[in-house]
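Only this structure's heavy atoms are used, side chains among them; waters, hydrogens and symmetry mates stay out. Within every chain, numbering begins at 1; the chains are lettered A, B, ... in the order of the sequence lines, protein sequences first and strands thereafter.
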Amino acid sequence: MANVDLEAIRAAWVGKVFQEIDIVVDGQRMLDWAVSAGETDPRFVDPDHPDFQASTAFPTHVNAARMLPDEFPMLGNGRGIDGGKSIEWHLPMRAGDRLLAEVQIADIYAKTGRSGTMVFIVNRMTFRDPDRQVVATVDWRMIRQGV
Amino acid sequence: MFEIGDELPEERPDVSMETIRRFVRAAEMEFPRFIDHDAARAEGLPGAVIPGIMSQAHLAAMIHRWAPGCTITSLDTIFRTSMVVGTPVVCRGAVTDVDDDGTIEIDVTILSEESGATGVLGTARVRLAD
């Protein structure tokens, strides 16, 4: 960490939306996802149910073309380890919904343990409806070692 | 109705290659590491691995069955160990907090039944049905 100014990197990058993706929620994909994951609740596996909606982890499949901004500094060897994912739900996601996914870096922080210092980069994807209401948020923690 | 310490019924999700293939098609993640044992081993993995986001989906399904009509408002997971496609896993959960407004917090895990290793662990917040 001797040559890395994490505070400067945080100040430069945290909170800035660097990608936007238009999405139309695919009902067949929602259904296949839920059935193959073992859901049995008709809200998730019956397209004719009046409350048919995406099951909990569904938004995690939306991949940003870029996980980090093009100009983001190389940290460590540049390779990332998956540090986990979290989902927060605010509104149901339904078949045919048109959503905007905004991608930003939500946080950058370091942890030091027996194997040295690791930097965590939190990539956040926020799904908004046409009224700009937040439907769901997915955080992906990327770990960079050897920093 | 639910109390701290309550355990959810264990579940053993279908992690056969056929089901994994269906899932990754739905997720648009048809990468060899998930559906081809040889290709996964060439990447240094123990075999084709269950996608982490599918493990999240397994945990959600377990919670939805335990508390019908509930809404999972958040699910935070850490992927600790790769779990191999076709190798049995078990999902577990236990209530760790109950709020006055009916929101419940649950610690969740997925373990390999063969090795006992923890593949996934995390926390869910659940709003019960009215």
Review point. Based on non-hydrogen pairs under 4.5 Å, which of A:D51, A:T40, A:D41 is most in contact with chain B?
Key: A:T40
Check your understanding: With the 4.5 Å side-chain cut-off for hydrophobic clustering, are B:F34 and B:L45 part of the same group?
Key -> yes
Revision key, fill the gap. Closest non-hydrogen contact found for A:A57 with B:Q56 is CB-CB, 3.9 Å
**Study point:** Single-linkage hydrophobic cluster, 4.5 Å side-chain cutoff, A:I87 and A:V122 together
**Key:** no
Point to revise | B:E30 CD: over 12 foreign heavy atoms closer than 6.0 Å | key: yes
Practice item. Mind ranking B:P51, B:S74, B:A124 by heavy-atom pairs under 4.5 Å with chain A and telling me who comes out on top? Key: B:S74
Practice item. Count the heavy atoms belonging to other residues, nucleotides or ligands that lie under 6.0 Å from CG of B:D130, then report whether that count exceeds 12. Key: no
Review point. If every non-hydrogen atom of B:A26 is compared with every non-hydrogen atom of A:D32, which pair is closest and at what distance?
Key: CB-CB, 3.7 Å
Point to revise | hydrophobic_cluster_shared for A:W13 and A:V17, side chain cutoff 4.5 Å | key: no
**Study point:** same_hphob_cluster(A:L100, A:V103) at 4.5 Å side-chain heavy-atom cutoff
**Key:** no
Practice item. Specify which of B:G52, B:A60, B:G69, B:G122 makes the most heavy-atom pairs with chain A at under 4.5 Å. Key: B:G69
Revision key, fill the gap. Of the listed A:D26, A:I81, A:V35, A:L31, the one with the largest count of heavy-atom pairs under 4.5 Å with chain B is A:V35
Check your understanding: Where do A:K85 and B:F79 come nearest, in terms of heavy atoms and distance?
Key -> N-CE1, 4.2 Å
Check your understanding: Within a radius of less than 6.0 Å around CZ of A:R128, do more than 12 heavy atoms belonging to other residues, nucleotides or ligands occur?
Key -> yes
Point to revise | Spacing of A:S55 atom OG and B:H64 atom NE2 [to the nearest 0.5 Å] | key: 7.0 Å
Practice item. Enter the distance from A:E39:CD to B:H58:NE2 here, rounded to the nearest 0.5 Å. Key: 10.0 Å
Practice item. Measure the spacing between OG1 of A:T56 and CG of B:L75 and express it to the nearest 0.5 Å. Key: 7.0 Å
Check your understanding: What part of B:C70 lies closer than 4.5 angstrom to a heavy atom of chain A: side chain, backbone, both or neither?
Key -> backbone
Check your understanding: Is it true that a side-chain atom of A:R141 and a backbone atom of B:I78 form a donor plus acceptor pair closer than 3.5 Å?
Key -> no
Review point. Taking all atoms of both residues into account, what is the closest heavy-atom pair of B:A57 and A:A37, and its distance?
Key: CB-CB, 3.4 Å
Review point. Based on non-hydrogen pairs under 4.5 Å, which of B:I20, B:D14, B:T19, B:T73 is most in contact with chain A?
Key: B:T73
Review point. Would the number of heavy atoms belonging to other residues, nucleotides or ligands and lying under 6.0 Å from CG of B:D100 be above 12?
Key: no
**Study point:** Closest non-hydrogen atom pair, A:W33 against B:I53
**Key:** CH2-CD1, 3.6 Å
Revision key, fill the gap. Interface check, chain B: of A:E88, A:M30, A:R43, A:H90, most non-hydrogen pairs under 4.5 Å belong to A:R43
Point to revise | Over 12 foreign heavy atoms within 6.0 Å of CZ, B:R127 | key: no
Practice item. Determine whether more than 12 heavy atoms belonging to other residues, nucleotides or ligands lie under 6.0 Å from atom CD of B:E10. Key: yes
